[in-house]
Amino acid sequence: MAILVTGGTGYIGSHTCVELLNSGYEVVVIDNLVNSKMEVVDIIKSITKKDFKFYQGDLLDIDIIEKIFNENHIDAVIHFAGLKAVGESVSIPLRYYHNNITGTLNLCNVMNKHNCKKLVFSSSATVYGVPKSVPIKEDFPLSTTNPYGSTKLMIEDILRDLYVSDNEWSIALLRYFNPIGAHSSGLIGDNPNGIPNNLMPYITQVAIGKLESLGVFGDDYDTHDGTGVRDYIHVVDLSKGHLKAVEKVIKEKGVNAYNLGTGTGYSVLDIVKAFEKSTGVKVNYKIMPRRAGDIAECYADPTKAKEELGWEAVLDIEQMCKDSWDFAKKNFK
Ligand code: NAD
Ligand code: UFG
């Protein structure tokens, strides 16, 4: 069984390649390396002791997608490739719409042509906009607050329309909550370019001394300690969710959305404390004003993924902190 992984050298894609290879799947990766490094290819091979084909290419180039489908018999696709920085998407929306949407249209057109109609798509909890309540269920109303989120929701709509037009498709829309952590080898993890936007990479860079202190964005939310609450999920658990979703799309036709989260919310200060406890390293922080566009609380009801995919997250917050730190020590010098 061969799986094409778009964006397979990125943070979540690389962990998913490891899980796929360890489970005996044949893997083919396409990535343009806009937000990842070529060395990840060899790292995945060394972790798994398995080989796979890597194409350095862009989903905006339909010829390279065509070439991949001509050269390989692809059974299903896991589609991670996309630009993901919320703030950047506000400054350069056209690039985000073009990259994420045109890339997906190109991919689906080639898949259709080659009669490969099994797709797992990286959506995001951002499609819930400002949720009416928590925990969030898959049938909650969908809306977005920034161009990045809009690309995710538009792609979900495109994929739902695709299924309506042709019931041979099987599509899983995976709505991730907040992935953190890293592979236990400490060799792959989240290594953003420049100053991180997300909480855990910022914390690890403060802990290692690259950044002076964490700015905690707001302590006056209606949460247990006033700081923002999110559903942090270990990237290895998240990756395992993709294997379950691939099994599902291989077996059954349809289009289904699934929350991939733990169901537990932690505040920013809970995460700082958990990090300090599991690593023994102090994290300096100061309270700052709220960040524009942030919501108070966001956490999943993951029941549907448990019932329909047979998946649930098992790794706890201490493990997430410990693995993030091990990766940082090896990689952020
Ligand atoms: P990432 O940036 O580490 O990985 C994405 C990969 O896609 C990168 O390696 C990048 O080089 C590649 N890529 C981007 N555009 C491409 C193109 N046109 N052609 C070929 N390759 C391209 O991001 P990630 O954190 O691993 O996220 C993977 C997916 O999950 C993304 O679609 C992202 O939007 C989504 N997602 C991520 C999070 C998160 O917090 N990390 C949350 C929700 C959803
Ligand atoms: N935070 C800080 N200081 C920082 C960074 C973040 O206090 O330096 C806070 C935020 O205010 C928020 C929490 O930490 O309360 C988490 O923030 P992140 O930026 O790590 O994550 P978000 O929940 O804002 O967004 C992430 C991804 C989005 C995705 C969303 C889905 O960045 O792409 O999760 O749930 F859509």
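We number each residue from 1, following the sequence as shown. Every number for a ligand or one of its atoms is a count from 1 in the order of the listing. Quick caveat, the model's predicted, so the values are computed rather than measured.
Closest protein heavy atom to atom 32 (O) of ligand 2: Asn198 ND2, 2.8 Å. Looking only at protein heavy atoms, the nearest one to atom 22 (P) of ligand 2 is Asn178 ND2, 3.6 Å. From the protein, the heavy atom lying nearest to atom 3 (N) of ligand 2 is Gly215 O, 2.7 Å. The closest protein non-hydrogen atom to atom 30 (O) of ligand 1 is Tyr176 CE1, 3.3 Å. If you check which protein heavy atom lies closest to atom 28 (C) of ligand 1, you get Phe80 O, 3.7 Å. When only non-hydrogen protein atoms are considered, atom 12 (C) of ligand 2 lies nearest to Arg230 NH2, 3.7 Å. Nearest protein heavy-atom contact of atom 19 (N) of ligand 1 is Leu59 N, 3.0 Å. Atom 33 (O) of ligand 2 has as its closest protein heavy atom Tyr148 CE2, 3.4 Å. At the top of the distance list for atom 3 (O) of ligand 1, counting protein heavy atoms only, stands Tyr11 N, 2.8 Å. Protein heavy atom closest to atom 8 (O) of ligand 2, with residue, atom name and distance, is Phe217 CE1, 3.5 Å. In terms of protein heavy-atom proximity, atom 26 (O) of ligand 1 is nearest to Ile12 N, 2.8 Å. Of the protein's heavy atoms, Val268 CG2, 3.5 Å lies nearest to atom 14 (O) of ligand 2. Regarding atom 17 (O) of ligand 2, its nearest protein heavy-atom neighbour is Arg291 NH2, 3.4 Å. Atom 1 (P) of ligand 1 has its closest protein heavy atom at Asn35 ND2, 3.8 Å. Protein heavy atom at the shortest distance from atom 10 (C) of ligand 1 is Asp31 OD1, 3.3 Å.
There is no side-chain donor-acceptor pair under 3.5 Å between Thr227 and Asp219. With hydrogens and angles left out, the side-chain atoms of Glu71 and Tyr55 include a donor and acceptor closer than 3.5 Å. Side-chain contact annotation: Tyr258 with Glu308, donor-acceptor N/O pair under 3.5 Å present. A donor-acceptor pair shorter than 3.5 Å cannot be found between the side chains of Asp316 and His234. Side-chain contact annotation: Asn284 with Ser213, donor-acceptor N/O pair under 3.5 Å absent. Inspection of the Thr104 and His79 side chains reveals an N or O donor paired with an N or O acceptor under 3.5 Å. Between the side chains of Glu19 and Ser239, no donor-acceptor pair of N or O atoms lies under 3.5 Å. Under the 3.5 Å distance criterion, with hydrogens and angles disregarded, a donor-acceptor pair is assigned to the side chains of Ser267 and Asp225. When only modelled atom types and interatomic distance are considered, His183 and Asp323 share no side-chain donor-acceptor pair under 3.5 Å. A donor-acceptor contact closer than 3.5 angstrom is absent between the side chains of Thr9 and Ser14. Judged purely by distance below 3.5 Å, without hydrogens or angles, the side chains of Tyr96 and Glu88 pair a donor atom with an acceptor atom. For the residue pair Asn72/Lys53, the side-chain donor-acceptor check at 3.5 Å is satisfied.
For Asn178, the closest heavy-atom approach to ligand 1 does not fall below 4.0 Å. Taking a 4.0 Å cut-off on heavy atoms, Pro179 registers as neighbouring ligand 1.
The backbone of Asn197, and not its side chain, has at least one atom closer than 4.0 Å to an atom of ligand 2 (non-hydrogen atoms only; backbone = N, CA, C, O). Proximity of Tyr232 to ligand 2, defined as any heavy-atom pair under 4.0 Å, is confined to the side chain (atoms from C-beta onward). Contacts of Leu199 with ligand 2, taken as heavy-atom pairs under 4.0 Å, involve both backbone and side chain. With a 4.0 Å heavy-atom cut-off, ligand 1 is reached by the backbone of Ser123 but not by any atom from C-beta on. Contacts between Leu33 and ligand 1 below 4.0 angstrom, taking non-hydrogen atoms only, involve the backbone exclusively. For Asp294, every heavy-atom contact with ligand 2 shorter than 4.0 Å involves the side chain, none the backbone. With a heavy-atom cut-off of 4.0 Å, Asn99 touches ligand 1 through its side chain alone.
How far CG of Asn99 is from CD1 of Ile92: 9.5 Å, rounded to the nearest 0.5 Å. A distance of 8.0 Å separates CD in Gln56 from CG in Asn32, rounded to the nearest 0.5 Å.
For the pair Lys210 and Phe332, the cation-pi test (distance below 6.0 Å, angle within 45°) is passed. A cation-pi contact, defined as under 6.0 Å to the ring centre and within 45° of the axis, is absent between Lys113 and Phe69.
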Applying side chain to side chain contact (heavy atoms under 4.5 Å, CB included), run through Met200 and Tyr232 and close with a yes or a no. CA-CA 10 Å; Met200 186 53 83; Tyr232 296 93; 6.0 Å; no
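Residue Gly82 holds the heavy atom nearest to atom 5 (C) of ligand 1 of all those in Ser122, Gly82, Ser14, Gly13. Of the listed residues (Thr16, Leu238, Asn32), the one carrying the non-hydrogen atom nearest atom 21 (N) of ligand 1 is Asn32. Counting heavy atoms only, Ser124 comes closest to atom 29 (C) of ligand 2 of the residues Ala296, Cys298, Ala125, Ser124. Selection from Lys84, His79, His15 by nearest heavy atom to atom 23 (O) of ligand 1 gives Lys84.
Interface of Ser36 with ligand 1, defined as ligand atoms under 4.0 Å from a residue heavy atom, comprises 8 (C), 9 (O), 11 (O). Near Gly10, meaning under 4.0 Å from any of its heavy atoms, are these atoms of ligand 1: 3 (O), 4 (O), 9 (O), 26 (O). The ligand atoms of ligand 1 that sit less than 4.0 angstrom from a heavy atom of Gly57 are 19 (N), 20 (C). Applying the 4.0 Å criterion to heavy atoms of Val216 picks out, from ligand 2, the atoms 7 (O). Remark: ligand 1 atoms within the under-4.0 Å shell around heavy atoms of Gly7 are 6 (C), 7 (O). In summary, the atoms of ligand 1 found under 4.0 Å from a heavy atom of Tyr148, numbered by their order in the structure, are 33 (C), 34 (O), 35 (C), 36 (N), 43 (C), 44 (C).
Checked against the 6.0 Å centroid criterion, the rings of His242 and Tyr176 qualify as a close aromatic pair.
In this structure, Lys117 and Asn112 have side chains that are in contact, with non-hydrogen atoms separated by less than 4.5 Å.
Considering backbone and side-chain atoms alike, Ala81 places every N or O at 3.5 Å or more from each N or O of ligand 1.
In terms of modelled atom types and a separation under 3.5 Å, the side chain of Ser89 and the main chain of Tyr148 share a donor-acceptor contact.
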